[in-house]
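The block underneath contains the structure these notes are about, expressed in structure tokens.
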Amino acid sequence: MGIIIKPIVTEKLTAQGEKLNRYGFIVDVKANKIQIKEAVEKLYNVSVSDVNTVNYHGKKKARYTKAGILRGRMNHYKKAYITLAGEDKIDFYANI
């Protein structure tokens with residue numbers, strides 16, 4: 001399994017990508033900032049100047065069914081916010 005799981009495409013991060021040259025990714029929970037930086041540089045052929053990470057704890061969920069209450073939780077995940085150096089850009093829609 002790779003370090004980068006999927007990009008985050010939201011209105012807020014799209015605006016930051018245009019103004020601040022910043023992009024977001026869901027990454028492997030065990031990956032560190034150096035590994036994330038190398039993976040993004042290799043995958044998109046850009047130079048990364050800064051990496052910020054945030055760990056999210058999975059929320060508890062409950063569902064009411066005929067059989068009773070089913071309890072569980074969402075998965076834990078990690079987000080990485082990447083700031084690119086210079087005039088580099090990442091186009092997530094190029095492969096569509």
Side-chain angles (χ1 to χ4, degrees):
M1 185 167 127
I3 293 174
I4 297 176
I5 297 172
K6 66 180 180 178
I8 303 170
V9 182
T10 60
E11 289 184 32
K12 184 176 182 179
L13 279 175
T14 303
Q16 286 184 0
E18 293 171 0
K19 293 180 184 176
L20 304 174
N21 215 10
R22 175 169 251 199
Y23 301 92
F25 296 94
I26 302 286
V27 296
D28 186 22
V29 179
K30 297 178 183 177
N32 61 27
K33 292 182 181 184
I34 297 168
Q35 293 171 335
I36 295 167
K37 179 180 177 178
E38 291 171 356
V40 170
E41 287 177 346
K42 183 179 177 185
L43 186 63
Y44 293 105
N45 296 323
V46 294
S47 58
V48 175
S49 65
D50 193 26
V51 178
N52 299 94
T53 59
V54 181
N55 286 310
Y56 284 90
H57 186 73
K59 292 181 179 179
K60 291 186 178 179
K61 297 281 188 174
R63 191 171 52 186
Y64 299 96
T65 65
K66 289 181 181 178
I69 299 173
L70 298 176
R71 291 193 164 104
R73 67 168 176 78
M74 301 287 288
N75 292 332
H76 304 301
Y77 62 97
K78 187 177 204 175
K79 284 185 184 179
Y81 296 105
I82 309 296
T83 305
L84 300 181
E87 297 296 321
D88 291 340
K89 297 284 182 193
I90 296 176
D91 187 13
F92 295 124
Y93 303 109
N95 296 339
I96 295 176

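Count residues from 1 along the sequence.
A distance of 11.0 Å separates CD1 in I34 from CD1 in I3, rounded to the nearest 0.5 Å. Taking OH from Y23 and CZ from F92, the interatomic distance works out to 7.0 Å, rounded to the nearest 0.5 Å.
Taking the side-chain contact (heavy atoms from CB on, under 4.5 Å) definition, one finds that K42 meets it with nothing, sequence neighbours left out.
Counting only heavy atoms from C-beta outward, the side chains of I8 and K79 approach each other to under 4.5 Å.
A donor-acceptor pair under 3.5 Å is absent between the side-chain atoms of K59 and the main chain of R73, judged by distance alone. When atom types are taken as modelled, the side chain of D28 and the backbone of I5 share no donor-acceptor pair closer than 3.5 angstrom.
Pairs engaging residues 29-39 under the side-chain hydrogen bond (donor to acceptor under 3.5 Å, both in side chains) rule: none recorded [sequence neighbours left out]. Residue pairs meeting the side-chain hydrogen bond (donor to acceptor under 3.5 Å, both in side chains) criterion with at least one partner in residues 60-69, sequence neighbours excluded, are absent. Screening residues 47-57 for side-chain hydrogen bond (donor to acceptor under 3.5 Å, both in side chains) gives R22-N52, S47-D88, H57-H76 as the qualifying pairs, with residues at least two apart or on separate chains.
Cluster annotation: V29 and V51 are assigned to distinct hydrophobic clusters (Ile/Leu/Val/Met/Phe/Trp/Tyr, side-chain heavy-atom contacts under 4.5 Å, transitive). Tracing side-chain contacts under 4.5 Å through hydrophobic residues (I, L, V, M, F, W, Y), one never reaches M74 starting from I26; they form parts of separate clusters.
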Donor-acceptor pairs under 3.5 Å, side chain of residues 11-20 to any protein atom, not counting sequence neighbours: which ones?
residue, atom, partner, partner atom, Å
T14, OG1, T10, O, 2.6

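Minimum interatomic distance between N21 and G86 (heavy atoms only, all atoms of both residues): ND2-O, 3.3 Å. Here the closest heavy-atom approach between residue L84 and residue V48 is recorded as CD2-CG2, 4.0 Å.
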